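Written out below as structure tokens is the structure these notes cover.
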Amino acid sequence: MFIYDSVQKKKVLFIPIKENEVKIYVCGPTVYDDAHLGHARSAIAFDLLRRVFIALDYKVTFVKNFTDIDDKIINKMKENGQSLEEITSFYIKRYKDEMNLLHVSDADIEPKATETVVEIVDFIETMLEKNVAYKTSDSVYFDTSKDPKYLSLSHRFIDEDASLARVVQNDEKKDQKDFALWKFTKGNEPSYQASFGEGRPGWHIECSAMIEKHLANCGDFQIDIHAGGADLLFPHHENEAAQTRCKSGQELAKYWMHNGFVTISGEKMSKSLGNSFFLKDALRIYDGEVLRFYLLSTHYRANFNFSEEDLLLSKKRLDKLYRLKKRVYETPCSEVQPTFKQSVLSDLSDDLNISKALASIDEMVANANELIDKNPKDKAFKALIHANLLWLESLLGIIAHDPYMYFQIGVREAEKREIETLIEQRNSAKKEKNFQEADAIRSILEGKNIQLMDTLNGTQWEKVL
RNA sequence: GGCGAUAUGGCCAAGCGGUAAGGCACGAGCCUGCAAAGCUCCGAUCCCCGGUUCAAAUCCGGGUGUCGCCUCCA
């Protein structure tokens, strides 16, 4: 497996800390609002990473956190008069439901910040003891000057005057780069007891504490891979790494992976721009699997410009897989073709090169269709192809539906019966060589976006988007 | 202002020094009563200018465009 490491800034051979095992931590969402396409893309990208490692026979431990205590959540509490719990449990459930529609598996461990407070407090106590953190009137800060490697992750040089001019000045901080580990309570908001003062955790500390709690190794590195969106590299990941380095003497992660953004009309979706395309809205229009396949089909590091037109084009590629599935659906699976499996896995082992993998898959599809055309009764071959498709389902999280149902998504039962009746009428007309009548019926159905196809197994229909 | 990424045929998109994968769209053919589906065939010298090399889309330098990070963010 080769992966692109954001810190080394190049593609490197992945060597696990412990043979045949991989520990992955992904930064999950702050749960105060609905997830948008960017969350989906990140989740799908690293879900693929996880599936590929599993397919390569690694023992995978996959952790994704929920940030469930934060300024924005508190603001929402004040706005809506809801409790913290009410808000976060609502959005966590919605996030997980939506991710499941996208066939993103739940993580093995899904820690919440509020359930990690004890560890966070311990973590900060140790940093205070080690004198790499200090207290001011409102917060406990991390002292970045104590970390000689600070900024080595994001390769940044901070110009004290220019680049931090946009940050609100705080005279109590020793250095503008220093960041809050703990914010003392101002009253009337959720807070936790701590030896250094009642309050709540800052954003960066939870990931370091969670990794230590759930995953940490003894050795140079605590985990194998830390992943997240490209916007997290600085300051979030830089700060996580610094905390852990100064607290435990270990590097947080051996490899760092960052996914590119989803843009709309070439512009990043972001909360401040207010141009977010929420998943709940996308899922009202598009099937989750179609959306997954679309978001999956561009390499995870590249920026992804979302457009409905491209989504529909991408669907056509998925349709072809489903049509092949129809052709082999009645034949029980045998074994995946080794050459096919090997070729797809080797494509994906190259830093998740999905484009290459899809090309290999398309080649398999074309080849399979050709041979089934030539020899429609070759059950042994169909069994192999069926097995290939089933294997792809586990590897990519696609082609999971019944292939007939897939083409009928969004068609109501009554409408289905109506379609079947029209098809029967058309078939009678065809038998009587009344092609005018048959074509007229076909036109009626086409007007309803129903496409007919006469096959050896009778007339089939598909809903066209 | 500082830092970084990227620029490939009509569109999406691989490529990581040896003479441009794949998908969609378009066109032609096979198949079909006709279609649809499926199969086959068909198109680019890679933003510009210099340089390194026997050899560059791929490396280096300089431009130009686009995007991002530096503030919550996947």
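A, B, ... follow the sequence lines: proteins, then strands. Residue 1 opens every chain. Everything numeric in this text was worked out from a predicted model, so none of it was measured.
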Handout entry: Donor-acceptor side-chain pairing of A:Ser145 and A:Asp175 below 3.5 angstrom
Key =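 There is no such pair (donor and acceptor under 3.5 Å, judged by atom type) between the side chains of A:Ser145 and A:Asp175.
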
Exercise for the section: Would you check if there is a donor-acceptor pair between the side chains of A:Asp68 and A:Tyr91 at a distance under 3.5 Å? Expected result: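 Result is no, nothing qualifies.
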
Practice task
Take atom CD of A:Gln451 and atom P of B:G38, then tell me their distance rounded to the nearest Å.
Solution key: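 Rounding to the nearest Å, CD of A:Gln451 and P of B:G38 are 11 Å apart.
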
Practice task
Would you mind reading off the distance between A:Leu358 atom CG and B:C24 atom C1', rounded to a whole angstrom?
Solution key: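 Distance, rounded to whole Å: 13 Å.
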
Quick one: label [X] by what it contacts on the DNA or RNA (base, sugar-phosphate, nothing), any heavy atom closer than 4.0 Å.
X	answer
A:His36	base
A:Leu452	base
A:Lys268	base
A:Ser42	sugar-phosphate
A:Asp231	base
A:Gly38	base

Between [X] and [N], is there a contact of a side-chain N or O with OP1 or OP2 at under 4.0 Å?
X	N	value
A:Asn353	B:G15	yes
A:Lys315	B:C24	no
A:Asn259	B:A74	no
A:Arg323	B:G38	yes

Practice task
Quick one: look up who B:A28 pairs with, Watson-Crick or G-U, both distances under 3.5 Å, and put none if it's unpaired.
Solution key: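 Result: B:U40.
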
Exercise for the section: Using Watson-Crick or G-U wobble geometry with both distances below 3.5 Å, tell me the partner of B:C59, or none. Expected result: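 The answer is B:G51, by the H-bond criterion.
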
Handout entry: Pairwise distance CZ(A:Phe306) to OG1(A:Thr263) - rounded to 0.5 angstrom
Key =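 Going from the CZ atom of A:Phe306 to the OG1 atom of A:Thr263 covers 10.5 Å.
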
Handout entry: Sub-4.5 Å side-chain heavy-atom contact between A:Asp287 and A:His401
Key =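 Yes, their side chains come closer than 4.5 Å.
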
Handout entry: Nucleotide of B:A74, B:C39, B:G33 approaching A:Ala366 most closely (side-chain heavy atoms)
Key =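 It is B:C39.
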
Exercise for the section: Go through the N and O atoms of the side chain of A:Arg442 and the base of B:A35, and report whether any donor-acceptor pair is under 3.5 Å. Expected result: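 It does, because a donor-acceptor pair links the side chain of A:Arg442 to the base of B:A35 below 3.5 Å.
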
